[in-house]
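So the structure is just underneath, and the comments pick up after that.
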Amino acid sequence: MQLRISPSMRSITISSSNGVVDSMKVRVAAPQGAAPHHHHHLHHQRHVSYRTLFHTVLALAFLLPFVFILTALVTLEGINNCSSLDCLGRRLGPRFLGRRGDDSTRLVKDLYKILNKVNSEELPVGGKLPESFSEFLLDIRNNHYDARTFAIRLKATMESMNREIKKSRLAEQLNKHYAANAIPKGLHCLSLRLTDEYSSNAHARKQLPPPELLPVLSDNSYQHYILASDNILAASVVVNSAVKSSSKPERIVFHVITDKKTYPGLHSWFALNPVSPAIIEVKSVHQFDWLTRENVPVLEALESHHGVRYHYHGDHGRGTIATDNPRAFASKLQARSPKYISLLNHLRIYLPELFPNLNKVVFLDDDIVIQRDLSPLWEIDLKGKVNGAVETCRGEDKWVMSKRFRTYFNFSHPLIVNNLDPDECAWAYGMNIFDLAAWRKTNIRETYHYWLKENLKSGLTLWKFGTLPPALIAFRGHVRAIDPSWHMLGLGYQEKTDLNSVRTAAVIHFNGQSKPWLEIGFKHLQPLWTRHVNYSNDFIKTCHILGPQEEIRRSKK
């Protein structure tokens with residue numbers, strides 16, 4: 001349709017789109033002074049065609065629903081608050097285009113406002129709370145909550161679930177602590193049977209090493225490894241993996257030290273399972289003349305002091321609450337392992353006195369596996385330092401390799417604050433190369449004893465962990481950092497250990513609670529250890545110590 005205004009501005013003509021002019025005209029008021037002779041045209045202007053009327057009604061019928069929808073939206077959503085057409089267009093435009101993002105954004109904002117209001121409010125005490133999401137939905141549906149009550153209910157439910165989760169995690173850590181410090185039935189059986197063999201079988205008592213090889217024990221042209229352990233199976237893995245990985249196994253000498261009760265069984269094991277061509281001796285702490293109470297008075301205090309014994313053997317679950325940090329609690333439990341008051345654990349600080357004829361040794365913990373030839377360790381120039389160790393303050397694994405002095409020491413204690421730097425880098429025990437000749441020229445042992453005594457005086461408040469902290473102090477200025485690939489840590493507490501890094505490490509260390517010989521060991525890491533166990537050995541089979549495949553078959557039955 002077209003609109004045409006007459007030149008005189010006195011009439012408007014509406015024509016159809018097909019070009020034929022209809023007779024519908026609208027008379028415009030005559031201006032003042034106009035001639036009255038135009039009034040005779042009025043009868044033409046009142047004539048309206050039915051076709052035009054039809055088009056008009058059709059257009060209105062099409063537009064009215066949109067007007068209704070627009071009015072409804074304005075009324076329901078408060079769009080009438082907009083003060084300009086621009087505002088109205090921005091609010092309505094996306095809806096006409098089928099986009100609903102603005103709705104969901106506004107809903108989240110409104111929900112946030114409601115939740116934020118109740119965030120600092122005290123929650124009502126008592127009443128049953130939902131224990132799952134489906135129960136929560138049912139609760140909302142049945143009780144017709146308003147928005148504020150919904151928010152309070154949601155907060156109470158989430159806080160209740162969070163408390164339960166923390167309780168479970170604390171209980172898990174406590175159970176892991178007890179499991180880690182218990183002796184598995186199979187290992188206990190192995191020790192008893194081998195001890196019995198020692199008393200009844202002359203072959204189990206044969207001299208280690210044979211008399212003709214005794215001079216080798218103090219020959220510095222050999223590679224001397226020292227291992228302190230009361231775990232027969234673990235000790236066998238360390239020795240087997242070292243011999244298997246070595247390019248010169250005939251040059252290896254192992255000095256295995258144990259306690260009095262384990263000695264017969266450990267001697268039987270290596271007497272009946274020789275590690276030829278390597279050479280091995282097994283000794284008990286009571287066979288070292290130097291290890292008298294006069295030389296280690298601090299250890300006597302550690303073992304007899306009532307407060308110390310309760311600290312390491314007491315009820316560690318008492319006093320824990322759901323708000324405790326589970327990781328901090330796990331760290332506290334690990335620090336209270338009873339092994340930390342064992343003479344075997346402190347033995348490494350006495351190596352120069354226990355092996356007076358040796359110049360350089362590698363000391364190994366019993367929860368390690370050797371995967372690469374360690375011969376090059378004897379070629380490392382320690383530059384006059386005593387202890388070659390891997391530093392633990394830098395590396396890709398931020399959990400395992402982020403240890404500085406602040407990790408171990410209580411820097412709220414004045415004795416610690418005045419003597420130590422919290423940012424000083426820590427290093428690892430477990431695979432250390434010690435220059436005993438250089439060590440004998442220092443006061444490392446005296447410093448170690450001094451700090452043990454100070455910790456006793458302070459009620460065991462100077463540090464969190466057992467034997468490493470006093471060593472970190474005693475060896476200050478005497479440590480030479482070696483390449484991290486020599487010693488990879490954390491396989492006993494870091495489940496997400498990078499397996500590619502594991503494969504290239506010379507020594508892997510299962511430090512932490514999840515030892516590979518325990519049920520709580522990480523299953524994907526255990527084969528790194530179990531492959532060095534001879535599960536066909538008669539003693540191991542008799543004690544039902546199962547290999548990985550046997551465990552899988554048993555679990556399927």
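Between E391 and C425 there is a side-chain heavy-atom pair separated by less than 4.5 Å. In this structure, Q371 and I508 have side chains that are in contact, with non-hydrogen atoms separated by less than 4.5 Å. When side chains are defined from C-beta on, F434 counts as touching F475, because their heavy atoms get closer than 4.5 Å.
Residue H524 qualifies as enclosed at atom NE2: its count of foreign heavy atoms under 6.0 Å is above 12. For E212, the CD atom is densely surrounded, since the number of other residues' heavy atoms within 6.0 Å is greater than 12. The environment of CG in L192 is crowded: more than 12 heavy-atom neighbours from other residues, nucleotides or ligands sit within 6.0 Å. The neighbour count for N418 CG, taken as heavy atoms of other residues, nucleotides or ligands under 6.0 Å away, is above 12.
With a 6.0 Å cutoff to the six-membered ring centre and a 45° limit on the axis angle, K283 counts as a cation-pi contact of F288. Under the 6.0 Å distance and 45° angle rule, R406 does not count as a cation-pi partner of F411.
In summary, the side chains of N231 and D366 do not present any donor paired with an acceptor at a separation below 3.5 Å, with no hydrogens or angles considered. Defined by atom type and a distance below 3.5 Å, a donor-acceptor pair is missing between the side-chain atoms of Y263 and H286. Side-chain atoms of D373 and S247 include a donor-acceptor pair closer than 3.5 Å. Side-chain contact check for N511 and D365: no donor-acceptor pair (N or O, by modelled atom type) lies under 3.5 Å. Q223 and S375 share a side-chain donor-acceptor pair at under 3.5 Å.
For S412, the side chain to side chain donor-acceptor pair (under 3.5 Å) partners two or more places apart in sequence, or in a different chain, are N410.
Applying the disulfide bond (SG atoms under 2.5 Å apart) rule to pairs touching residues 187-255 yields C189-C543, sequence neighbours excluded. Listed by first and then second residue, the salt bridge (Lys or Arg N to Asp or Glu O under 4.0 Å) pairs involving residues 232-253 amount to none (not counting sequence neighbours).
Looking only at distances, a side-chain donor or acceptor of N220 sits under 3.5 Å from a matching main-chain atom of N357. Under a 3.5 Å cut-off, the side chain of S245 and the backbone N or O of I370 do form a donor-acceptor pair. A donor-acceptor pair under 3.5 Å is absent between the side-chain atoms of K385 and the main chain of D381, judged by distance alone. Looking at D230, its side chain never comes within 3.5 Å of a backbone N or O of D259 through a donor-acceptor pair.
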Any chance you could lay out the side-chain hydrogen bond (donor to acceptor under 3.5 Å, both in side chains) test for N537 and N273, step after step, and finish with the verdict?
-> CA-CA 9 Å; N537 178 276; N273 300 281; 3.2 Å; yes
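Salt bridge annotation for D435-K360: absent, with no cationic side-chain nitrogen under 4.0 angstrom from a carboxylate oxygen.
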